[in-house]
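Here is the structure we will look at.
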Amino acid sequence: DEGGRLILVGWDILGPFTSVDTASFASGFVYRYLRIQGGLRDNGRNFVKFMGDTDLEYPASITIDTEKMPGSWAGIDKTWTFTPRHRTEGLGTWHGGYDATEPMEGGITCVRNFNEVNPWRTIVIGFPLYFMKNDEASALMMRAVEDIDG
């Protein structure tokens, strides 16, 4: 409650906080500090691309690097979209392949909490950057660090 800055990114990012695929948060760390009221997990390997909010100077697109991805994979599993709470905004959206489900497609997968009422700042990214193209993933992280240090 004294402040701080935190960027969370990775595979199954909300998994430690819930065991369900459609999660609602009314209290706890995710609700209070990340300011996320809900999340939807895609367990298939449907995620293929992130589309950033270019008005907020986030990268237009981050795509899978097929050199890093095992040949049998068609995308990344256990990715998340979020329902932000008030004073939390989306920075980019989730986009999948042919089998992507409607609730996931276009859902917010990167949020920032820069709530002026609270002294902490957080950014949460609902997919792992490791399997993404390095230059594109680096652009996202550089922008996030710049943003959070604001």
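Remember, it's a predicted structure, so these values are computed and weren't measured experimentally.
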Stepwise ring-ring contact (aromatic ring centres under 6.0 Å, His included) test for F17 and F25: CA-CA 9 Å; F17 304 103; F25 303 99; 7.2 Å; no

Y58-I108 co-clustered via ILVMFWY side chain contacts under 4.5 Å: no

Considering only distance and modelled atom types, tabulate donor-acceptor pairs under 3.5 Å from the side chains of residues 59-67, sequence neighbours left out.
residue: T63; atom: OG1; partner: E136; partner atom: OE1; Å: 3.0
residue: D65; atom: OD1; partner: E67; partner atom: N; Å: 2.9

Within one Ile-Leu-Val-Met-Phe-Trp-Tyr cluster: F114 and L34, side-chain cutoff 4.5 Å: no

Pairs involving residues 120-130, ordered by first then second residue, that meet side chain to side chain donor-acceptor pair (under 3.5 Å) (sequence neighbours left out): none

Counterpart residues, side-chain hydrogen bond (donor to acceptor under 3.5 Å, both in side chains), relative to R112 (two or more places apart): E89, D147

Sequence neighbours left out, cut at 3.5 Å: what donor-acceptor pairs do the side chains of residues 3-10 make with other protein atoms?
residue: R5; atom: NE; partner: I148; partner atom: O; Å: 3.0

Check: G75 main-chain N/O paired with N46 side-chain donor or acceptor under 3.5 Å: no

I125 with I36, same ILVMFWY side-chain cluster at under 4.5 Å: no

Which residues share a salt bridge (charged side-chain N to carboxylate O under 4.0 Å, His left out) with R41, sequence neighbours left out: D12, D21

Listed partners of E2 passing salt bridge (charged side-chain N to carboxylate O under 4.0 Å, His left out), at least two apart: none

Same apolar cluster (I L V M F W Y, side chains within < 4.5 Å links), I76/L140: yes

